[in-house]
Amino acid sequence: MKKLMVLVLFCLASLAAAQVVSPIMENVRGREHTSLAGSWNYIVDVYEVGFYNYRWQEDRNGFGRDAKQANKSQLIEYSFDDSPLMYVPGDWHSQEEKLFYYEGTVWFKRGFDYKLKPGNRLFVYFGAANYESITYLNGKKLGRHEGGFTPFQYEITDLVKETGNSLVVKVDNKRKPDGVPGLNTDWFNFGGITRDVLLVEVPGTFISDYKVQLKKDSMDTIAGFVKLDGPAKEQEVVLSIAAANINQTVKTDANGYAAFEFSAGGIALWSPEEPILHDVVLSSSSDIVSDRIGLRCIQTRGDEILLNGKSIFMRGVCIHEQAPLHDGRATTPEEALTKLKWAKEMNCNFVRLAHYPHNEHTVRLADELGLLVWAENPVYWTINWGNPDTYKLAQKQLTEMICRDKNRAAVVIWSMSNETPVTEARLNFQIGLATTARELDNTRLISSALEKHYEGDKTVVIQDPFGDHLDVIGVNEYIGWYDGRATKADGVSWKMAYDKPLIMSEFGAGCKQGYHGDKDTIWTEEFQEDIFVHTIGMFKRIPFLRGTSPWILTDFQSPRRLLPGIQDGWNRKGLISEKGQKKKAFFIMQAYYAEKQAQAGQ
Ligand code: GCB
């Protein structure tokens with residue numbers, strides 16, 4: 001009975017998600033916007049006094065009120081204006097030494113002036129804040145958002161003043177057993193307002209959301225929708241793609257929604273070799289928004305992955321959102337570009353953006369550069385599978401990720417999770433997520449990085465009941481590192497229970513760049529290199545292998561990695577060090593991918 005209840009709950013939650021048009025506006029940078037990047041005042045609030053202190057119970061907004069002393073005898077025990085400054089977007093650990101290991105609440109405040117044009121509407125948009133945030137404008141609570149890697153927005157049309165606005169954000173990065181991710185990860189829990197904050201001005205009725213992509217399994221039919229938000233919901237919206245002579249008019253219904261489907265025969269398709277993006281313009285009588293959108297078809301056939309009808313091998317690498325050349329979270333497009341260019345230099349056509357949704361600019365750059373993307377929901381290792389609230393949170397973050405990136409041709413895989421041990425509760429949870437993903441976007445492939453097991457000591461078997469629900473099977477393996485020595489790979493063969501493509505979504509070994517020795521000495525570049533050599537030898541014997549993404553492009557900070565003199569707080573499995581120096585294994589992957597590229601004639 002309990003089992004049934006859980007399933008019913010997941011199904012209902014999935015159905016609810018199917019109604020969701022994006023909770024955030026599509027293509028926020030394509031609108032009139034003002035960045036609030038810069039110095040914000042901050043208050044470190046270890047004891048949560050800004051929120052729970054009895055003095056604030058009157059309105060429960062505490063520090064959110066940004067109170068100022070009204071007379072010289074008034075007691076107010078905080079002051080944003082006299083507090084130190086920190087750069088937003090950014091994490092607090094890399095900006096203030098005292099906060100390096102801090103996990104808790106920090107309050108941020110930024111003042112601004114804004115002259116809103118009559119009839120227009122204003123939103124404050126956050127690219128992400130890790131992990132939970134509560135936002136206030138001029139003393140009024142706008143809302144709460146949970147999940148550290150996806151965007152959220154609040155309308156502030158009726159609250160904004162021409163001068164002296166106070167925007168306060170409480171950000172709390174405490175890890176929680178019921179959170180997504182949960183208590184345990186292998187990356188640094190960077191707290192802060194880690195992505196852009198924008199003021200976005202739009203007309204009274206505006207084009208809030210749209211999807212312009214090829215229809216599932218088609219190479220010449222565009223299918224999608226447009227959604228208006230505001231009082232004038234029933235309008236004609238024109239979709240034009242000038243380069244392809246496309247001009248389609250649709251009429252939105254009483255909900256401001258119109259679906260469309262039309263032929264775009266002969267339109268140039270996007271691929272890693274030719275990452276063609278079309279200028280797409282959507283215009284209604286009150287609004288106009290343009291975007292650069294690629295069109296491509298991704299499918300599977302048996303154990304093959306087909307891009308625009310052609311079988312491909314995905315030459316990838318995993319990437320964390322670690323800054324490429326220093327401590328801290330990567331926050332700028334330049335940093336994202338540095339890392340994606342390293343992937344290109346390694347002859348990649350694919351990046352696995354692990355283990356959570358990365359910055360929108362990263363995905364847009366992948367579109368421009370021609371890199372296929374595996375985008376991942378932060379369901380990592382073990383989370384509280386039995387808790388319906390944890391499920392809703394995972395589903396919400398998945399929804400926010402898919403809504404944000406649904407127009408990016410580069411994204412070909414939605415990954416539900418990473419290394420989640422098989423149990424029944426976990427299976428129901430994940431089936432619910434896969435169902436949601438398909439309902440929201442049936443044009444992309446669904447995957448997950450699964451675990452595998454051995455039959456005897458020479459046969460690796462991939463058999464996980466969740467595999468039945470995936471289009472592409474992802475598997476992480478560490479032969480030579482966590483699993484025996486490098487030469488073990490020579491005698492191992494692989495068996496899979498599905499006629500589906502396999503991506504080896506992780507493999508690798510730790511090494512300190514510049515530390516040399518023989519191939520039997522752990523942490524040397526030679527030890528890591530040797531593991532890659534044997535692993536690649538093994539890959540060549542797996543007939544259903546359709547892609548690989550080694551762990552990982554660059555060394556990244558992780559509080560689990562403590563070995564003095566070697567790790568010092570960094571996971572050292574990077575192919576490139578935290579200072580941008582390439583390790584020997586980088587060149588092994590580069591050569592393997594050059595060979596794969598030559599075989600494919602690309
Ligand atoms: C894994 C995880 C990844 C870790 C990596 C490691 O299997 O998926 O998040 O960082 O192993 O270095 O152990």
Side-chain angles (χ1 to χ4, degrees), residues 130 148-149 175 179-190 316-323 329-330 339 351-358 374-383 394 413 415-422 426 430 447-454 460 462 464 466 470 472-486 489 502-513 522-523 525 527-528 531-532 535 547-563 566-578 583 585-586 589:
N130 189 37
F149 304 98
R175 288 168 292 124
V180 178
L183 289 176
N184 216 356
T185 71
D186 184 18
W187 70 83
F188 204 97
N189 178 26
F190 291 115
V317 66
C318 296
I319 301 183
H320 255 302
E321 204 164 64
Q322 167 80 42
R329 179 61 80 220
K339 297 178 80 170
V351 287
R352 174 182 177 211
L353 301 181
H355 283 302
Y356 38 77
H358 286 216
W374 159 311
E376 190 157 307
N377 204 29
V379 173
Y380 183 87
W381 288 350
T382 49
I383 61 171
I413 291 177
S415 168
M416 299 303 102
S417 53
N418 179 74
E419 287 182 358
T420 51
V422 179
R426 166 271 195 186
Q430 303 251 31
S447 191
S448 167
L450 303 179
E451 295 183 327
K452 75 299 171 213
H453 65 271
Y454 275 92
V460 185
I462 307 167
D464 175 329
F466 189 36
L470 303 176
V472 174
I473 308 294
V475 167
N476 299 348
E477 70 83 14
Y478 283 90
I479 296 176
W481 187 255
Y482 297 124
D483 178 8
R485 295 295 310 276
L502 170 68
I503 293 182
M504 210 63 88
S505 38
E506 282 179 34
F507 54 99
C511 124
K512 176 91 192 255
Q513 187 278 329
I522 196 160
W523 302 114
E525 290 200 32
F527 192 92
Q528 186 192 41
I531 289 173
F532 274 81
T535 302
T548 55
S549 49
W551 191 255
I552 184 169
L553 184 66
T554 64
D555 290 353
F556 62 96
Q557 286 170 272
S558 167
R560 301 172 67 86
R561 307 295 172 173
L562 300 167
L563 185 65
I566 299 282
Q567 293 176 312
D568 300 310
W570 291 77
N571 184 315
R572 293 289 180 202
K573 297 191 189 71
L575 297 165
I576 301 178
S577 78
E578 81 280 23
K583 306 179 187 176
F586 177 94
M589 281 312 300

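Keep in mind that this is a model prediction, so the values were computed, not measured. Numbering of ligands and ligand atoms starts at 1, following listing order.
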What residue among F507, F586, W551 forms ring pair (Phe, Tyr, Trp, His ring centres under 6.0 Å) with F532?
-> F507

Counting N and O atoms only, with roles assigned by atom type, does the side chain of Q528 sit under 3.5 Å from a partner on the main chain of A509, one being a donor and the other an acceptor?
-> yes

Please test S448 against Q430 for side chain to side chain donor-acceptor pair (under 3.5 Å), starting from the C-alpha separation and ending with a verdict.
-> CA-CA 9 Å; S448 167; Q430 303 251 31; 4.9 Å; no

Can the ring centroids of H320 and H358 be said to lie less than 6.0 angstrom from one another?
-> no

Answer yes or no: is there an ion pair linking K512 with D555, defined by an N-O contact shorter than 4.0 Å?
-> no

Nearest-0.5 Å distance, CD1 of residue I552 to CH2 of residue W187 | 10.5 Å

Tell me the residues surrounding ligand 1, counting only those with a heavy atom closer than 4.0 angstrom, sorted by chain and number.
-> D186, H355, Y380, N418, E419, N476, Y478, Y482, E506, W551, F556, R561, N571, K573

